[in-house]
Participant: 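Next up is a structure, given as structure tokens.
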Amino acid sequence: MSKKGVLLVISGPSGAGKGTICKALLDKHKDIYLSVSATTREPRVGEVHGVNYFFKTKEEFLQKVEEGDFLEHAEVYGNYYGTPKSSVQKMLDEGRDVILEIDIQGALKVKENCEEGIFIFILPPSMEELKQRIIKRGSETPESLMTRFKSAYKEINYISKYNYAVVNDEVDTAVTKLEAIIAAEKCRVDRMKNKILDSKEGFIHEQLYD
Ligand code: 5GP
């Protein structure tokens, strides 16, 4: 029986609440693996190396790019970010569902190579609410706040490249929607095909594929 997990790629503008939703989903589903990216950005207060990110110098990061260690990488707000390839592949092969919480450029790169990924765009309830959330986070300078806010307008144009959109007005509701997406995706016949073909209990196979 094929046990491959599903790959969920979650993007959305800074301040939409991707991190909060993903954390709430992971708290409920300990078996889901959240990929830990590498970045050249400075750690924020409270961030831990290996937990939030693998913090790298630019030289270390570019070395890893050279060695082909990333599934995708991108420059976001002047820093590099990349998804480690081997850990994601290992988790999927072990049957774990994997979340990549990455920017839009990265998501589009993953989409080119991984058609079976599930691409989910997280939206804020409104642009004003988005601005307030970034301000409240308190980690941005006025310049980086404006950069992130302006980027949000551009990023939302890419929503049509995604399979699903979830508005994050209430965390529990947004998590319920993610759970529903995962459940529905796992019921898709094209995903089940390998499982059914691998199954020794042949009658379902016969019904569907004879
Ligand atoms: P932050 O600096 O706020 O943690 O993240 C900035 C942006 O980089 C967010 O949109 C986040 O989703 C994105 N990001 C985090 N890790 C990766 C990654 O591995 N690849 C790409 N392409 N984007 C990432």
Side-chain angles (χ1 to χ4, degrees), residues 7-26 33-58 60-65 67-89 91-92 98-114 117-124 127 130-159 161-162 165-166 168 174 178:
L7 180 67
L8 300 151
V9 181
I10 300 190
S11 314
S14 186
K18 291 164 292 185
T20 310
I21 299 178
C22 288
K23 188 180 173 308
L25 181 74
L26 292 162
Y33 172 73
L34 176 68
S35 165
V36 180
S37 298
T39 184
T40 59
R41 148 164 103 52
E42 288 296 314
R44 293 186 187 130
V45 176
E47 284 187 331
V48 176
H49 180 79
V51 176
N52 304 93
Y53 282 106
F54 294 104
F55 295 100
K56 305 269 175 215
T57 62
K58 196 172 170 190
E60 288 168 339
F61 190 97
L62 293 175
Q63 176 74 31
K64 290 207 160 285
V65 173
E67 288 164 1
D69 285 357
F70 294 126
L71 186 61
E72 62 71 37
H73 68 279
E75 192 179 340
V76 189
Y77 312 125
N79 293 301
Y80 291 114
Y81 295 80
T83 304
K85 198 191 286 177
S86 58
S87 53
V88 169
Q89 194 55 59
M91 292 298 161
L92 290 172
V98 174
I99 294 184
L100 309 184
E101 191 208 310
I102 61 175
D103 92 309
I104 287 144
Q105 309 167 68
L108 297 181
K109 285 182 203 158
V110 175
K111 203 172 176 198
E112 279 170 21
N113 304 315
C114 180
I118 305 165
F119 295 82
I120 304 172
F121 199 93
I122 307 294
L123 283 165
M127 292 312 276
L130 182 88
K131 196 173 180 182
Q132 292 310 320
R133 286 182 188 174
I134 306 175
I135 292 170
K136 261 191 222 149
R137 202 155 66 182
S139 56
E140 309 307 325
T141 61
E143 293 75 35
S144 75
L145 173 88
M146 275 323 285
T147 308
R148 284 176 186 241
F149 191 57
K150 279 187 194 155
S151 299
Y153 276 97
K154 290 190 202 136
E155 287 167 356
I156 286 172
N157 290 324
Y158 285 91
I159 197 163
K161 307 274 183 201
Y162 286 72
V166 172
N168 177 24
L178 286 185

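First listed ligand is number 1; within each ligand, the first listed atom is number 1. No hydrogens, no waters, no symmetry mates; every other heavy atom, side chains included, goes into these values.
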Participant: Near Lys109 NZ, under 6.0 Å, is it more than 12 heavy atoms from other residues, nucleotides or ligands?
Facilitator: yes
Participant: Under a 3.5 Å distance rule, please check whether Lys85 uses its side chain to pair with a backbone N or O of Gly68 as donor and acceptor.
Facilitator: yes
Participant: Crowded around Tyr158 OH? As in, over 12 foreign heavy atoms under 6.0 Å?
Facilitator: no
Participant: Using ring-ring contact (aromatic ring centres under 6.0 Å, His included), reason through His73 and Tyr81 one step at a time and then give a plain yes or no.
Facilitator: CA-CA 6 Å; His73 68 279; Tyr81 295 80; over 10 Å; no
Participant: At a 4.0 angstrom heavy-atom cut-off, what protein residues surround ligand 1?
Facilitator: Lys18, Ser37, Arg41, Arg44, Tyr53, Glu72, Ala74, Val76, Tyr81, Gly82, Thr83, Glu101, Ile102, Asp103, Gly106, Arg148
Participant: Return yes when atom CD of Glu42 has more than 12 non-hydrogen atoms of other residues, nucleotides or ligands closer than 6.0 Å, and no otherwise.
Facilitator: no
Participant: Please enumerate all residues that pass ring-ring contact (aromatic ring centres under 6.0 Å, His included) together with Phe61, with sequence neighbours excluded.
Facilitator: Phe70, Tyr80
